[in-house]
Amino acid sequence: MDELPSYAETLNERQREAVLHGKAPLLILAGAGSGKTRVVTTRITYLIDRLSFTPDQILAVTFTNKAAREMQERVDRFLEERGRDAGSAVMIKTFHSFCSWFLRRNAAAAGLSPYFGIYDDDDALALIKTVVPGHLPAGEVRTLQNAISRAKDDNLTPDDDLGGISAHPEFPEVFRRYEEKLAASGNVDFGGLIQKTLMVLHREPAITSRLRQKFQVVLVDEYQDCNGAQSLLLEALYGPQTWLAVVGDDDQSIYRFRGADVSHILNFPQKFPGTVIVRLEQNYRSTGAILEVASQVVARNQGRLGKTLWTANPVGRKPRLVFHNDQDDEAAWAVDLIKRAPLTETAILYRTNAQSRAFESALVRAKLPYRLVGTVRFYEREEIKDVLAWLRLLTNSRDEVSFQRIVNKPARGLGKSALSIVERHRTSDWLDACGLALGELKGKAKAGLGQFLDLYAQLNGALMNCRNLSVLVQQVIEDSGLGEHHRQNEDLGEAKEQNLDELVNAAAPYPGTIEGLTQFLENVELDAAGTLDEQPGVTTLITMHNTKGLEFDRVLVTGLEDGLFPRDTFDPQEIEEERRLFYVAVTRARQELLFSTCRSRLQHGKYQDRAPSRFLAEIDPDSLEVVGAGGRGTEIWAVGQRVFHDDFGVGTVVKKWYNGSELGLDVRFDSGRMGRFMPAYTPLEKVAADE
DNA sequence: CTTTCACCGGTTTTT
DNA sequence: CCGGTGAAAG
Ligand SMILES: Nc1ncnc2c1ncn2[C@@H]1O[C@H](COP(=O)(O)OP(=O)(O)OP(=O)(O)O)[C@@H](O)[C@H]1O
């Protein structure tokens with residue numbers, strides 16, 4: 001072999017081993033910040049640069065579209081530096097967008113049109129509502145929707161044994177009817193993208209072998225959050241010539257609620273015999289003090305693989321823990337920190353999107369720039385979804401959800417009875433059904449439906465001969481009346497108008513053809529959040545889940561309160577998942593880490609008293625710098641904490657409860673005796689677990 | 001058929 | 001507090 005390429009010189013020995021590794025299945029198992037993603041990127045470059053692979057033979061799977069774009073950029077840059085181009089011929093996608101690509105190319109085999117649309121969770125919910133019996137409460141409908149998604153994540157169909165998914169008596173029937181309606185709509189939901197791809201690969205050996213022939217190299221990042229269907233997909237992609245590598249960290253598996261299962265990474269060596277495991281143990285991201293706290297907490301989880309993780313970085317300042325009265329104080333504190341060092345790259349992390357509000361308004365008041373990642377995602381706003389529904393109907397007139405959404409929006413006199421007549425005439429195509437129903441309607445409804453049909457014809461004509469997609473989008477907004485409708489909204493009208501303008505701009509890069517429209521819609525459907533660039537001096541507001549794979553100089557982990565983070569739950573598995581989320585959040589920080597917790601928090605319109613998160617009790621107090629403690633409700637108690645009482649001796653906290661704002665503890669003493677205490681008044685002493 | 005208003009319940013987390 | 005839902009008025 002020639003001398004090492006320069007990009008390999010900056011790697012440590014283990015990383016280099018992973019990059020230069022040959023054909024045998026490769027499992028890279030490593031803790032946070034150890035350079036896993038960097039190894040994937042470098043390996044792609046190496047395979048192209050030094051071995052004879054061409055970019056289009058390589059498939060890399062990332063967890064988010066943003067991660068895919070970033071990896072694409074890095075690979076392009078690497079290859080450019082080495083005087084090669086065509087880096088962008090490497091296929092770097094999420095599982096979902098890869099499957100979408102595949103299904104459009106093999107539409108016939110999948111029983112789809114190449115212009116199929118993708119239903120997001122809201123769309124799926126709308127469809128489920130049309131198939132659930134009678135008036136189930138909204139909560140139950142959601143539960144059923146969730147069960148359907150979980151079933152599809154495990155590649156199950158209504159014919160399979162669904163007992164492991166949901167015990168709801170209506171579930172199998174609702175699932176079946178949902179799948180029928182979905183098939184009739186000609187569209188695909190998220191789970192269906194994976195499932196239909198699997199179906200084609202299992203049924204059509206010729207297609208499978210062509211696909212394996214094409215992608216001789218397959219790499220998967222964040223494999224610990226892989227679900228059952230995705231794991232099967234990986235097996236289907238794996239042929240005798242495939243160079244396969246997966247990368248992940250069992251301590252960072254945080255998407256169980258979405259069907260992810262850490263067992264897929266743990267069982268990888270069994271599934272792919274001959275697997276070579278490479279462990280990366282050096283963390284390049286964080287200070288020693290940050291890593292220490294992360295390790296202490298995650299160490300409480302049972303059944304983890306356990307990994308060594310060390311860093312040559314300085315120990316740095318101890319992470320700080322700051323107590324606040326409520327979420328507004330917490331936000332004011334965050335703003336103050338940012339003002340003191342406005343150029344330090346800072347991220348404010350929280351468990352639930354609702355928590356972003358207080359931070360947003362404090363930042364606005366302080367006139368500090370910020371970007372909000374996630375939350376009311378751009379493409380999920382009402383006005384945007386309305387216009388997208390029109391566009392989707394233009395690519396697929398069988399799309400029930402989109403049809404129902406816009407047929408009478410803005411109102412054109414089509415109510416329940418008129419629409420049930422349309423429904424009676426439904427073939428597969430909703431416009432045909434409208435045409436047939438027209439004869440049976442009269443008056444306002446007839447006029448309204450006629451108007452709708454004319455509009456469709458007009459916009460469909462526009463699609464046939466418009467140069468640029470933004471022209472079509474503009475025309476849909478104006479001609480459909482949706483633009484006017486949303487502009488008239490009392491206080492949000494202006495914002496909605498701006499959003500619609502932005503949608504027009506977003507369509508500009510696409511050609512005004514059905515292919516261009518399909519591509520635009522797919523990008524929107526699979527990456528609903530839109531892109532927000534990071535910029536120096538702009539604070540990031542983000543959920544902990546969304547920070548997967550990211551890093552920031554300064555990280556604020558907020559809302560560390562029992563019941564919020566971790567959420568209260570009876571399921572020990574879920575507590576462990578929350579603890580992994582804590583680990584992910586903490587290990588995003590390069591230099592500075594701050595925790596904050598509130599004694600009281602506004603929730604559902606009421607202030608509720610809160611106690612510090614049990615995770616804080618799992619950190620060695622010596623590893624933290626505590627600010628503002630000492631007041632009432634600032635002592636950190638966790639269920640399981642060992643305590644000593646003057647009269648009763650040693651025992652264990654078995655329950656936390658509240659009497660108004662006062663914290664109470666139930667303790668089971670080793671003598672067998674139980675006791676109830678208010679730690680504010682009773683001298684209970686914490687003792688170490690082994691005393 | 002459309003609009004308004006009173007009432008209820010409570011979403012973790014997202015491709 | 002806020003958004004979704006359903007009944008009743010217009
Ligand atoms: N050999 C190295 N020398 C210097 N810096 C490195 C090296 N390897 C990785 N890094 C840096 O360490 C940081 C973490 O790398 P990377 O994001 O690839 O880690 P990761 O294992 O994917 O992290 P996580 O699982 O926490 O998302 C990055 O800033 C990366 O540039």
Flag the pair Glu179(A) and Lys152(A) as a salt bridge only when some basic side-chain nitrogen lies within less than 4.0 angstrom of an acidic carboxylate oxygen.
yes

Among dT15(B), dT13(B), dT12(B), the nucleotide that comes nearest once only the side chain of Glu574(A) is considered:
dT12(B)

Charged N to carboxylate O under 4.0 angstrom, Asp609(A) versus Arg599(A)?
no

To the nearest angstrom, the CZ-P distance between Phe63(A) and dT13(B) comes to 15 Å

Take the protein atom CG of Asp189(A) and the nucleotide atom C1' of dT14(B), then report the distance between them rounded to whole Å.
14 Å

Per Thr543(A) side chain, nearest of listed nucleotides dT15(B), dT13(B), dT2(B):
dT13(B)

Could you check whether Glu578(A) gets within reach of a base, just the sugar-phosphate, or nothing at all, counting any heavy atom under 4.0 Å?
base

Remember a base hit wins even if backbone is also touched, and classify Asn408(A) as base, sugar-phosphate or nothing at under 4.0 Å, heavy atoms.
sugar-phosphate

Base of dT14(B) and ring of Tyr255(A) stacked, centres under 5.5 Å, planes under 30°:
no

Hey, does Arg412(A) reach any base, or is it just sugar-phosphate, or nothing, if we go heavy atoms under 4.0 Å?
sugar-phosphate

May I ask you to decide whether Arg580(A) forms a salt bridge with Glu577(A), counting only side-chain N to carboxylate O separations under 4.0 Å?
yes

Against the side chain of Thr94(A), the closest entry in dC1(B), dT15(B), dT12(B) is dT15(B)

According to the interplanar angle, ranging from 0 to 90°, do the rings of Phe452(A) and Trp390(A) count as parallel (below 30°), tilted (30 to 60°) or perpendicular (above 60°)?
tilted

Nucleic acid footprint by protein, nucleotides 1-9 of chain C - heavy-atom cut-off 4.0 Å, B for base, S for sugar-phosphate alone:
BS--S----

So, OP1 or OP2 of dT13(B): does either fall under 4.0 Å of a side-chain N or O from Asn353(A)?
yes

Taking the six-membered ring for Trp and the single ring otherwise, decide whether the centroids of Phe595(A) and Phe565(A) are under 6.0 Å apart.
no

With sugar-phosphate meaning primed atoms plus P, OP1 and OP2, does Ser417(A) contact a base, only sugar-phosphate, or nothing at under 4.0 Å between heavy atoms?
sugar-phosphate

Spacing between Glu140(A) atom CD and dG10(B) atom P, to the nearest angstrom:
11 Å

With DNA chain B as reference, determine whether Arg142(A) or Thr64(A) sits nearer its 5' end, using the nearest nucleotide of each.
Arg142(A)

Rounded C1' spacing from dT12(B) to dT5(C) in Å
23 Å

Checking all strands, does Leu193(A) fall into the base, sugar-phosphate, or nothing category for heavy-atom contacts under 4.0 angstrom?
nothing

Rounded to whole angstroms, how far apart are NE2 on His96(A) and C1' on dT15(B)?
5 Å

What is the distance, rounded to the nearest whole Å, between atom CZ of Arg256(A) and atom C1' of dT12(B)?
14 Å

Taking CG from Leu581(A) and P from dT14(B), how many angstroms apart are they, rounded to a whole number?
10 Å

Using 30° and 60° as the class limits, which term best fits the ring planes of Phe359(A) and Tyr350(A): parallel, tilted or perpendicular?
parallel

Could you grab the distance from atom CD of Gln195(A) to atom CG of Leu103(A), nearest 0.5 Å is fine?
11.5 Å

Can you check the Asn146(A) CG to dT14(B) C1' distance for me, whole Å?
11 Å

Check the side chains of His486(A) and Asn499(A) for a donor-acceptor pair under 3.5 angstrom, ignoring hydrogens and angles.
no

Using a cut-off of less than 4.0 Å, is there contact between a side-chain N or O of Asn546(A) and OP1 or OP2 of dT14(B)?
yes

Euclidean distance, atom CZ of residue Phe565(A) to atom P of dT12(B) [Å, nearest integer]:
16 Å

